[in-house]
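Encoded as structure tokens, the structure appears first; notes follow it.
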Number of protein chains: 2
Amino acid sequence: MTVAQKILDAEKTMGSGKSVESFTIGQLSRETGCKVPTIRYYEQIGLLPEPGRSAGNQRVYGQQHLSRLAFIRHSRELGFSQAEIRQLLELSDHPDQPCAEINAIAQKHLDEVNHRISRLESLKAELERMVHACQGGKVEDCRVIDTLADHAHGNCLTAEH
Amino acid sequence: MTVAQKILDAEKTMGSGKSVESFTIGQLSRETGCKVPTIRYYEQIGLLPEPGRSAGNQRVYGQQHLSRLAFIRHSRELGFSQAEIRQLLELSDHPDQPCAEINAIAQKHLDEVNHRISRLESLKAELERMVHACQGGKVEDCRVIDTLADHAHGNCLTAEH
DNA sequence: CTAATGTCTCTAGTAACTATAGCTTCAAGA
DNA sequence: TCTTGAAGCTATAGTTACTAGAGACATTAG
């Protein structure tokens with residue numbers, strides 16, 4: 001039995017009878033799609049708990065780290081900030097509290113998401129218009145620049161020339 | 001006539017017969033919704049050209065700065081990076097070139113926007129489900145945490161407790 | 001056993017700002 | 001005219017969320 005396995009055995013034995021899974025930082029990286037330095041960074045800022053170490057001082061992760069990291073990555077991808085993720089993780093560490101707070105975070109985020117979607121939808125419309133309007137012409141006939149200037153304050157950037 | 005007006009008169013006289021508009025950095029900020037330090041930052045990184053100065057060394061902006069800053073802010077809001085905006089501005093400064101490049105930037109951005117929209121739409125669905133599922137319960141019954149962990153790799157974070 | 005790959009720490013760099021400190025300038029009222 | 005408070009100046013440092021590099025030690029495949 002390796003030192004790594006010993007450490008992990010001491011740390012955790014999961015529900016099922018089969019042997020505990022452990023991961024190096026590289027394996028964790030491959031599993032979650034999160035880069036190695038980013039994993040260390042999450043540990044540094046306290047989002048991810050410090051894992052056990054092997055005899056050679058290398059990080060040894062367990063299933064719980066995998067879950068937590070996956071949670072963090074997924075949340076980040078969905079646009080939650082580190083602060084929000086921290087809140088969610090803290091709340092999840094105290095499951096006896098009412099979930100009103102979590103609900104508030106989710107609701108606030110939902111509002112933001114709706115706002116972002118509507119802005120992206122109008123951007124999409126503009127971009128599609130641009131791409132169709134600007135077909136093999138010259139820049140002076142291209143509406144991309146105008147569109148971006150116009151929609152801000154009704155001014156035309158190309159008028160400067 | 002103030003020194004500021006002199007500088008601006010020398011810089012620019014617009015098509016219409018009326019007197020040239022000039023702005024302090026604060027006015028520019030109010031007009032565009034862009035914070036004062038951000039305007040100075042844009043000048044520093046070369047996105048916004050250096051304006052004239054008053055006798056007392058204060059920045060004096062003209063209409064063209066307003067347009068350009070509005071363009072930058074609008075583009076930023078729509079998610080274009082500084083590098084992309086720089087490209088667009090450079091292209092707009094050479095209006096004799098074919099607009100294929102601008103088109104490519106817009107198309108690339110359109111692809112990204114579509115991707116973002118679809119991810120935000122599924123996030124929206126998840127968040128709505130969360131908000132509805134989590135009604136006055138306790139955290140341990142709340143699906144927000146599970147949802148965020150599950151969708152990453154099918155693991156349940158709360159199982160750690 | 002050696003070579004290649006992986007991991008370690010530490011420092012510094014990136015994008016896109018934002019804030020602070022300590023000063024000068026400007027505009028408006030007494 | 002003086003003064004006082006807002007606005008502006010420069011310069012530096014902090015923020016968020018990473019990413020990259022240097023140089024040393026660990027692990028693993030052949």
Side-chain angles (χ1 to χ4, degrees), chain A residues 1-8 22-48 50-61 65 69 71-89 109 112, chain B residues 1-8 22-48 50-61 65 69 71-89 109 112:
Chain A
M1 180 179 258
T2 68
V3 177
Q5 281 171 333
K6 262 193 208 160
I7 288 170
L8 268 173
S22 74
F23 312 92
T24 66
I25 199 166
Q27 286 166 338
L28 203 64
S29 169
R30 258 164 270 130
E31 290 282 329
T32 59
C34 183
K35 288 176 187 169
V36 169
T38 307
I39 297 173
R40 289 197 276 251
Y41 165 72
Y42 285 155
E43 182 185 326
Q44 191 191 309
I45 63 168
L47 272 192
L48 205 56
E50 287 184 25
R53 295 288 181 133
S54 74
N57 198 36
Q58 302 199 342
R59 288 170 180 82
V60 181
Y61 295 95
H65 294 102
L69 182 56
F71 174 89
I72 294 167
R73 284 317 295 172
H74 190 57
S75 303
R76 285 292 303 132
E77 271 168 33
L78 295 181
F80 287 91
S81 69
Q82 280 185 359
E84 284 171 324
I85 294 169
R86 210 178 288 271
Q87 276 184 296
L88 290 171
L89 285 170
H109 205 64
E112 276 171 29
Chain B
M1 179 179 258
T2 70
V3 177
Q5 283 172 333
K6 263 194 206 156
I7 289 169
L8 268 174
S22 73
F23 312 92
T24 66
I25 199 167
Q27 286 167 338
L28 203 64
S29 169
R30 259 164 269 131
E31 290 283 330
T32 59
C34 183
K35 288 177 186 166
V36 169
T38 307
I39 297 173
R40 288 196 277 248
Y41 166 71
Y42 285 156
E43 181 184 326
Q44 191 191 308
I45 63 169
L47 271 192
L48 205 56
E50 287 185 24
R53 295 289 180 132
S54 73
N57 199 37
Q58 301 199 343
R59 288 169 179 83
V60 181
Y61 296 95
H65 294 102
L69 182 55
F71 174 88
I72 294 168
R73 284 317 296 172
H74 191 57
S75 303
R76 285 292 303 130
E77 271 168 34
L78 295 180
F80 288 91
S81 68
Q82 281 184 1
E84 285 170 322
I85 294 169
R86 211 178 289 270
Q87 276 184 295
L88 291 171
L89 285 170
H109 205 63
E112 276 171 29

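Below, read A as the first sequence line, B as the second, and so on, with proteins coming before strands; counting in each chain starts at 1.
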**Request:** Name the closest nucleotide to the B:Val36 side chain, picking from D:dA17, C:dC17, D:dG8.
**Result:** D:dG8
**Item:** Between C:dG13 (C1') and A:Tyr41 (OH): distance, integer Å
**Value:** 14 Å
**Asked** Between C:dT7, C:dC17, D:dA20, which one does the side chain of A:Lys35 approach most closely?
**Response** D:dA20
**Message:** With a cut-off of less than 4.0 Å, is there a side-chain N or O of A:Arg59 near OP1 or OP2 of C:dT9?
**Reply:** yes
**B:Thr38 vs C:dT18: side-chain N/O to OP1/OP2 distance below 4.0 Å** = yes
**Item:** Nucleotide of D:dG8, C:dC8, C:dA16 approaching A:Gln58 most closely (side-chain heavy atoms)
**Value:** C:dC8
**Prompt:** What does A:Arg40 touch in the nucleic acid at a heavy-atom separation under 4.0 angstrom: a base, only the sugar-phosphate, or nothing?
**Reply:** base
**Request:** Please state how far atom OH in A:Tyr42 lies from atom C1' in D:dC18, giving the value in whole angstrom units.
**Result:** 8 Å
**Request:** For C:dT24, take OP1 and OP2 only and decide whether either is under 4.0 Å from a side-chain N or O of B:Arg53.
**Result:** no
**Request:** Look at the side chain of B:Arg76 and decide which nucleotide, out of D:dC9, C:dA16, C:dT9, has an atom nearest to it.
**Result:** C:dA16
**Residue B:Thr24, side-chain atoms from C-beta onward, closest of C:dT7, D:dG8, D:dC18** = D:dG8
**Prompt:** Taking only N and O in the side chain of A:Ser54, is any of them less than 4.0 Å away from OP1 or OP2 of D:dT27?
**Reply:** yes
**Item:** Nucleotide of C:dC17, D:dC9, C:dT7 approaching B:Gln82 most closely (side-chain heavy atoms)
**Value:** C:dC17
